[in-house]
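Just follow the structure's listing: the first ligand is 1, and inside any ligand the first atom is 1. Bear in mind the structure is a predicted one, so any value in this text is a computation, not a measurement. Sequence positions, counted from 1, serve as the residue numbers for this chain.
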Amino acid sequence: MSNAAAYAVSAPDGAFEKVTIERRELGPHDVLIAVAYAGICHSDIHTARDEWGGTKYPCVPGHEITGHVAAVGAAVSRHRVGDRVGVGCMVDSCGVCAPCLADEEQYCVKGAVMTYNTAVDTSTQPEGHTMGGYSTQIVVTENFVVSIPDGIGLDIAAPLLCAGVTVFSPLRHWNAGPGKKVAIIGMGGLGHVAVKIASAMGAEVTVLSHSLSKQEDGRRFGADHYFATGDKQTFRDLRGRFDLIINTVSADLPIDNYMRLLNLDGTMVVLGMPEKPIDIRPYTLASYRRSLSGSMIGGIAQTQEMLDFCAQYEIGAEIELISADEIDNAYDRVVASDVRYRFVIDAATI
Ligand code: NAP
Ligand code: ZN
């Protein structure tokens, strides 16, 4: 075991506090990572505040992790000491079920081991559940550690480990590219990276945001069009327009209104995870043969593919670097949609 400093929250309405946690002894396939940066994902907030239920305390969130390899187990072959590496939302999976064998570990039949808040035995984590990246160190099995290409700074790469792959995966799955009209709802952490990636893939990209306040940024990220959803006329003007809608909004939306913006055979992919069920009229689906789907992060191989794609197109997240004692305030600002566009914790301040 080794000690690491971390920031943890102990109750749904608690504040973050500095704590010491233990990381497991390196097994033959384990990599010890000295964390450099950890992004703040809205899922961290849903979990820390127990908005989905089932949060295990003390909770150390963080699944957008970059850093350097500090030590490796005896049998590690994929990474060497000093390598620039990243860890996303998962740290292990069964490895033998059909989704795992198809490089879709996020759909592991037994349930992937998530980077934080998954129950594990106390030989893996003394507290009995995984602890994430708001920490100086983390130990992860080598197959769940990806390489950060040289072209991307570790700070702007961190958010790609969750936000990046979560949007890349459905954009690839539903063939975003030339000739496709793609809308992104919500231009926050996931949404702004979605705009950059969809645009680099060659799709015609439209942002659907609360207001026009971030329009200039949206166009700088590659959006061809930008509309305010606060304006009812938007829904009349854009009816039947899109082949693919990526919904990144963390709050409840009148989804039926958005579904009607899809063209024949169009699909809306839900990425945002508010608690309430979605209301849709069957007629909205049947007319124009529309589909509603969802997507969960992306597999490890696809995470590496996304990082290589981002390096090729010089895509990184737009970040605001904060020190660890600013996490509570950053959470409030994310919830208020006051983030441009991802907070990233400088692990040197932990
Ligand atoms: P975020 O940075 O807070 O962005 C969410 C965006 O949604 C905001 O910037 C805002 O965009 C819009 N929004 C927020 N509240 C709204 C409201 N009341 N009405 C309309 N629009 C609103 O969050 P994020 O980190 O990108 O995460 C977004 C969601 O995805 C969260 O629910 C998170 O848990 C989920 N998530 C899912 C996966 C997955 O695997 N499926 C992975 C990661 C995260 P505008 O200001 O442009 O309107
Ligand atoms: Zn996330």
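Within the structure, the closest approach of Cys162 to ligand 1 falls below 4.0 Å when heavy atoms are considered. Not a single heavy atom of Tyr226 sits under 4.0 Å from any atom of ligand 1. At least one heavy atom of Arg342 sits under 4.0 Å from some atom of ligand 1.
Nearest to atom 9 (O) of ligand 1 by heavy atom, out of Cys41, Gly298, Ala194, Gly188, is Gly188.
Near His42, the atoms of ligand 1 lying under 4.0 angstrom from a non-hydrogen atom of the residue are 1 (P), 3 (O), 23 (O), 24 (P), 25 (O), 27 (O), 31 (C). Residue Lys214 approaches ligand 1 through these ligand atoms, each under 4.0 Å from one of its heavy atoms: 9 (O), 11 (O), 45 (P), 46 (O), 47 (O). Of all atoms in ligand 1, numbered sequentially from 1 with element shown, those under 4.0 Å from a heavy atom of Val249 are 7 (O), 12 (C), 13 (N), 16 (C), 20 (C), 21 (N), 22 (C).
Under 4.0 Å from ligand 1, heavy atoms of Leu190 appear from its side chain as well as its backbone. Of the heavy atoms in Gln106, none comes closer than 4.0 Å to ligand 1. Under 4.0 Å from ligand 1, not a single heavy atom of Val207 appears. At a heavy-atom cutoff of 4.0 Å, ligand 1 is contacted by the side chain of Ser337 but not by its backbone. Contacts with ligand 1 closer than 4.0 Å are made by no heavy atom of Ser211, backbone or side chain. When non-hydrogen atoms are compared, ligand 1 lies under 4.0 Å from neither the backbone nor the side chain of Phe343.
Considering backbone and side-chain N/O atoms, Ser295 comes within less than 3.5 Å of an N/O atom of ligand 1. The shortest N or O to N or O distance between Leu253 and ligand 1 is not under 3.5 Å. Residue Gly191 places no N or O, backbone or side chain, under 3.5 Å from any N or O of ligand 1. Remark: ligand 1 and Ser43 share an N or O pair separated by less than 3.5 Å (distance only, no angle test). For the pair Gly189 and ligand 1, the shortest N or O to N or O distance falls below 3.5 Å. At under 3.5 Å, a nitrogen or oxygen of Leu271, whether backbone or side chain, sits near a nitrogen or oxygen of ligand 1. Polar contact with ligand 1: present for Met187 (N/O pair, distance under 3.5 Å).
Salt bridge annotation for Asp265-Arg289: present, with a cationic side-chain nitrogen under 4.0 angstrom from a carboxylate oxygen. By the 4.0 Å N-to-carboxylate-O rule, Asp256 lies close enough to Arg281 to be salt-bridged with it. Salt bridge annotation for Glu318-Lys196: present, with a cationic side-chain nitrogen under 4.0 angstrom from a carboxylate oxygen. Checked for salt-bridge contact, Arg49 and Asp332 meet the test: a charged N lies under 4.0 Å from a carboxylate O.
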message = Let's go through Asp44 and Tyr116 carefully: what are the C-alpha distance in whole Å and the side-chain angles of both, what is the deciding distance for side chain to side chain donor-acceptor pair (under 3.5 Å) to 0.1 Å, and is it a yes or a no?
response = CA-CA 9 Å; Asp44 298 353; Tyr116 61 85; 2.6 Å; yes
message = Between Arg78 and Val145, is the side-chain contact (heavy atoms from CB on, under 4.5 Å) condition met? List the steps.
response = CA-CA 9 Å; Arg78 294 170 69 125; Val145 178; over 6 Å; no
task = Walk me through it: do Asp308 and Gln304 pass the test side chain to side chain donor-acceptor pair (under 3.5 Å)?
result = CA-CA 6 Å; Asp308 296 342; Gln304 190 64 59; 3.3 Å; yes
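Between Phe16 and Tyr134, the gap from one ring centroid to the other is short of 6.0 Å.
In terms of modelled atom types and a separation under 3.5 Å, the side chain of Asp83 and the main chain of Val69 share no donor-acceptor contact. Side-chain N or O atoms of Thr248 include one that pairs as donor or acceptor with a backbone N or O of Gly186 at under 3.5 Å.
Screening Val269, Ile185, Val182 for a side-chain contact (heavy atoms from CB on, under 4.5 Å) with Ile245, the sole residue that qualifies is Ile185. Results of the side-chain contact (heavy atoms from CB on, under 4.5 Å) test with Met259 over Asn247, Ile278, Leu292, Thr267 single out Leu292 as the only residue that passes.
Closest to atom 47 (O) of ligand 1 among all protein heavy atoms lies Ser209 OG, 2.6 Å.
At a cut-off of 2.8 Å, His63 is counted among the residues with an N, O or S atom near the Zn ion (ligand 2). At a threshold of 2.8 Å, the Zn ion (ligand 2) has no backbone or side-chain N, O or S atom of His42 nearer than that distance.
Following chains of ILVMFWY side-chain contacts shorter than 4.5 Å, one cannot reach Ile246 starting from Val249, and the two form parts of different hydrophobic clusters.
No more than 12 heavy-atom neighbours from other residues, nucleotides or ligands sit within 6.0 angstrom of CD on Glu314.
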